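Here is the structure we will look at.
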Amino acid sequence: MPAITLPDGSVRQFDGTVTGTDIAASIGPGLAKAAIAIEVDGQLRDMGRPVEQDASIRFVTRKDTEALEMIRHDAAHVLAEAVQSLFPGTQVTIGPSIENGFYYDFYRNEPFKPEDFPAIEQRMHEIIKANASFTRETWPRDEAIKFFEDRGERFKAELIRDLPGDEEISIYRQGEWLDLCRGPHLRSTGDVGNAFKLMKVAGAYWRGDHRNPMLTRIYGTAWRDKKELEAHLHQLEEAERRDHRRIGKEMDLFHIQEEAVGQVFWHAKGWRLYTALQDYMRRAQTRAGYEEVRTPQLVDRALWEASGHWSKYRHHMFVATVEDEDKTLALKPMNCPCHVQIFRHGLRSYRELPLRMAEFGACHRYEPSGSLHGIMRVRGFTQDDAHIFCTEDQIADETVRFVAMLTEVYKDLGFEHFRIKFSDRPEQRSGSDEVWDKSEAALKRACEIAGVEYEYNPGEGAFYGPKLEFVLRDAIGRDWQCGTLQVDLVLPERLDANYIGEDSARHRPVMLHRAILGSFERFIGILIEQHAGKFPLWLAPMQVVVASIVSDAAPYAEEVVARLRKAGLTVESDTRADKINAKIREHSVARVPVILVVGRKEAEAGTVAMRRLGGADQEMLTLDEAVTRLSEEAKAPDIRRG
RNA sequence: GCCGGCGUAGCACAGUGGUAGUGCAGCGGUUUUGUAAACCGAAGGCCGGGAGUUCGAAUCUCUCCGCCGGCACCA
């Protein structure tokens, strides 16, 4: 005799067990029609599943966020049924809902092709039209395993075998087809609707392990209605226009070619952006009490052996030898061991701590070919790296300072929001458990003091210590780690870094590895996508173009250019015998933030007509005014703050 | 690295076995123009590299390289 409490606080009594469908029907036909799932004491369930005990409930309709997830999950089931009916012999595995849609991983000798999509989608529409109810059954474990094995579904059987012993084996039927699934599901396949689209095929390892067979994954997107679907597809197109690889080409910022895979040729304009960013970072570091150093690129293998990198990561290192010398050198994949060498040079006193050693360090890593991505994941890159040598007592304070610095930098560069992940000890690591306990606890405590909220990212730390990762998102929603802060009690030990303490004995410093941008290459990639190439004036690769209307105004245009250049702006003239419309268009497409137009009038009056990127208006200014205003505006945010 | 797709002029693309094309950019002219594309002309190609099939290959096959989408990896 369950008593059901509704969201408005009212209580309804029922005779015997009831289902969500019964409860909705008892409230009214409108709700019975709209409710697609029920939340029972905070747990989402199928409408048809009985509620045996007293409970607080809430109905979920198509408008609720939970609905979207269920639509996507159900779409995955419908996809699986469609594929198995069209391609007999295909084995099913798993098919979850994901951001913006769903996927399903299949095992089949022949992979699917995008050309198969129309037929699969067609079949999916038929299944949805048939509107078969999703019905839940629970099966005995052995029976379920036998059932799937008899059908040749070895992946499903393996999944069931690996489920915890006390877990219920639930099976969902939709018409003739069924699948192992935890649920919950919508009422019937018809609830999926028609706002879905298959997007792409991809390979994916079974259970995410590269030693396992490769499955074919079909990705789809699914929404509540056609309008949402259209909006999403439109947004994808917009995102493609922001792609840093495309903008890099359009704006002539950089290129990469076969002879230097994973390494960037920075063109003049891209390098202007790069150096503006580097200058800014250098000032920020100086203000924050860092000292800048520079260490070698090629370092003897012996140092990497001592640091522990040689044994664990030499397959990711570029190694160099010369004929006349029996030595093996490696391009540094990171700067830390080199910084320790500087720290170790001479005796260090506790009075020097915390010692913040920064380097724009050029590093090389042999990254797997498949992981390379534009300038975001490369093999040669420059980190805004620094190592803080300090005492354990100083970890918290240094963390607070670092987070404050990073937050300011990100904000200055246009990033108000970013995610923070806390990654702890990985399986393969250096250092005793005791040392790890200590460094993880220290970093956690520092986060509390700094008021840092993070997501927990188990087992993803560096081999020498736990880390905070600061994650930014690119135009199409891919996450990239940029900033990082890592606590390291291992390397100072391995490389014998020490300082003389107050007690005149030798002590081991703690090393904090930290970066804000991460790598210039990756960060600039994200920066390009964030701004869609329309940079604030201080970062713009070409800040101003002075365009003449008639050739008589050309000498004056050059004069304007000279004045602006003298004021430190990056500026170009355009005195070609073209129409002003063409020039405006060309430089607008090139995303030049300011166009100064000069014709006879301006040449005579000593003025310029200023036009902003994206705007349609023009502002008439005297040349002096323009120079003053633009040079003020072109100041980096930290300089403007004074 | 793995699965799939792709690679044609500086860029964007067309070309499914029979003499390599279009648009834009660039170059040479003409046009002196007032805020998002003036007009004319001549150029420009080892059709990613190599091998094979064929009388004949951009086109079919194999292989290598690179890029793209995922997966795995990311000290």
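Every value quoted in this text rests on a predicted model; they were computed, and no experiment measured them. Every chain is numbered from 1, with letters handed out A, B, ... down the list of sequences.
When the side-chain nitrogen and oxygen atoms of A/Arg217 are compared with OP1 and OP2 of B/rG4, none of them lie within a distance under 4.0 Å. Under 4.0 angstrom from either OP1 or OP2 of B/rA72 there lies no side-chain N or O belonging to A/Arg211. Using a 4.0 Å cut-off, some side-chain N or O of A/Lys249 falls inside it from OP1 or OP2 of B/rA12. Listed pair A/His373 / B/rG69 meets the phosphate criterion, a side-chain N or O lying under 4.0 Å from OP1 or OP2.
A/Tyr205 contributes a side-chain N or O that forms a donor-acceptor pair with the base of B/rG1 under 3.5 Å. Residue-to-nucleotide contacts include a donor-acceptor pair under 3.5 Å from the side chain of A/Glu602 to the base of B/rG34. Not a single donor-acceptor pair, N or O on each side, falls under 3.5 Å between the base of B/rC73 and the side chain of A/Arg365. Contact annotation: side chain of A/Arg314 to base of B/rA75, donor-acceptor pair absent below 3.5 Å.
At the heavy-atom level, A/Ala202 lies under 4.0 Å from base atoms of the strands shown. Residue-level contact check: A/Tyr464 touches the backbone only, with heavy atoms under 4.0 Å from sugar-phosphate atoms and none from bases. Within 4.0 Å of A/Gly208, counting heavy atoms only, lie sugar-phosphate atoms of the nucleic acid but no base atom. Using a 4.0 Å heavy-atom distance criterion, A/Gly465 is classed as making no nucleic acid contact. Using a 4.0 Å heavy-atom criterion, one finds that A/Lys467 contacts the sugar-phosphate atoms exclusively. Within the nucleic acid shown, A/Ile580 comes within 4.0 Å of sugar-phosphate atoms alone, with no base atom in reach, counting heavy atoms only. Counting any heavy atom pair closer than 4.0 Å across all strands shown, A/Pro368 reaches a base atom.
In this structure, the CD atom of A/Glu250 is 9 Å from the P atom of B/rA12, given to the nearest Å. Between the CE atom of A/Met199 and the P atom of B/rC68 there is a distance of 19 Å, given to the nearest Å. In this structure, A/Asn212 atom CG and B/rG1 atom P are separated by 20 Å, rounded to whole Å. Taking atom CZ of residue A/Arg600 and atom P of nucleotide B/rU33, one finds them 6 Å apart after rounding to whole Å. Rounded to an integer number of Å, the gap from A/Asn335 CG to B/rA75 C1' is 12 Å. Whole-Å rounding puts the A/His267 NE2 to B/rG10 C1' distance at 12 Å. Following rounding to the nearest Å, A/Ile549 (CD1) and B/rU33 (P) show an atom-to-atom distance of 10 Å. A straight line from CZ of A/Arg377 to P of B/rG70 spans 14 Å, rounded to a whole angstrom.
You'll find that the side chain of A/Glu367 is closest to B/rC74, out of B/rC3, B/rU32, B/rC74. Among the nucleotides B/rG34, B/rC73, B/rU35, the one closest to the side chain of A/Ile584 is B/rU35. If you check B/rA75, B/rU35, B/rG1 against the side chain of A/Gln618, the one that comes closest is B/rU35. In this structure, the nucleotide among B/rG34, B/rA36, B/rG70 sitting nearest to the side chain of A/Ile476 is B/rG70. Of the candidates B/rU35, B/rC67, B/rG69, B/rU35 carries the atom nearest the A/Ala609 side chain, counting heavy atoms from C-beta on. Nearest to the side chain of A/Glu258, among B/rA36, B/rG70, B/rC65, sits B/rC65. You'll find that the side chain of A/Arg522 is closest to B/rC74, out of B/rC71, B/rG34, B/rC74. For A/Arg245, counting side-chain heavy atoms from C-beta on, the closest listed nucleotide (B/rG69, B/rG5, B/rA75) is B/rG69. Checking B/rU32, B/rC73, B/rA75 against the side-chain heavy atoms of A/Met317 singles out B/rA75 as nearest.
Ring geometry for A/Phe343 versus A/Phe389: interplanar angle under 30°, hence parallel rather than tilted (30 to 60°). A/Trp266 and A/Trp271 have tilted rings, their planes meeting at an angle from 30° to 60° on a 0 to 90° scale. Between A/Trp223 and A/His232, the ring planes lie tilted relative to each other; the angle falls in the 30° to 60° range. Using cut-offs of 30° and 60° for the angle between ring planes, the A/His513 and A/Tyr464 rings count as parallel. Aromatic ring orientation, A/His244 versus A/Phe254: tilted (interplanar angle from 30° to 60°). Using cut-offs of 30° and 60° for the angle between ring planes, the A/Tyr366 and A/Phe318 rings count as perpendicular. Ring pair A/His210/A/Tyr205 is perpendicular by interplanar angle, where above 60° counts as perpendicular and below 30° as parallel. In this pair, A/Phe463 and A/Tyr313 present their aromatic rings tilted. The plane angle is within the 30 to 60° band.
With both ends at atom C1', the span from B/rG21 to B/rU8 equals 10 Å, rounded to whole Å. Spacing of C1' atoms, B/rG56 relative to B/rG18, comes out at 7 Å, to the nearest Å. Taking atom C1' in both B/rU33 and B/rG48, the straight-line distance is 44 Å, to the nearest Å. Here, B/rU54 and B/rU61 have their C1' atoms 12 Å apart, quoted to the whole Å. The separation of B/rC39 from B/rG4, taken at their C1' atoms, amounts to 48 Å, rounded to a whole angstrom. B/rC13 and B/rG52 are spaced 33 Å apart, taking the P atom of each and rounding to whole Å. Atom C1' of B/rC68 sits at a distance of 33 Å from the matching atom of B/rC27, rounded to the whole Å. The C1' atoms of B/rC46 and B/rA12 are separated by 23 Å, rounded to the nearest whole Å.
Searching all strands for a Watson-Crick or G-U wobble partner of B/rC74 with both distances below 3.5 Å returns nothing. Across every strand in view, B/rG56 sits unpaired, with no contact that passes the Watson-Crick or G-U test at under 3.5 angstrom. Pair assignment for B/rG4: B/rC68, on the basis of Watson-Crick or G-U wobble contacts that are both within less than 3.5 Å. Pairing for B/rA12 is with B/rU22, a Watson-Crick or G-U wobble pair whose two hydrogen-bonding atom distances lie under 3.5 Å. Remark: B/rC62 base-pairs with B/rG50. Criterion, Watson-Crick or G-U wobble with two distances under 3.5 Å. Base pairing annotation: B/rA38 forms a Watson-Crick or G-U wobble pair with B/rU30, both donor-acceptor distances under 3.5 Å.
The 5' end of RNA chain B is approached more closely, in terms of each residue's nearest nucleotide, by A/Tyr219 than by the other of A/Tyr219 and A/Gln481. Comparing A/Ala462 and A/Ser371 against RNA chain B, the residue whose closest nucleotide sits nearer the 5' end is A/Ser371.
Listed here is the closest heavy atom pair of A/Ile595 and A/Ala547: CG2-CB, 4.4 Å.
Looking at A/Arg108 and A/Thr216, their side chains never bring a donor and an acceptor atom within 3.5 Å of each other.
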Q. Which letters describe nucleotides 37-44 of chain B, given B = protein heavy atom under 4.0 Å from base, S = only from sugar-phosphate, - = neither?
A. BB------
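A salt bridge links A/Glu586 with A/Arg576: the distance from a Lys NZ or Arg NE/NH1/NH2 to an Asp or Glu carboxylate oxygen falls below 4.0 Å.
Applying side-chain contact (heavy atoms from CB on, under 4.5 Å) to A/Phe520 and the options A/Asp384, A/Leu527, A/Ile375 leaves one that passes, A/Asp384.
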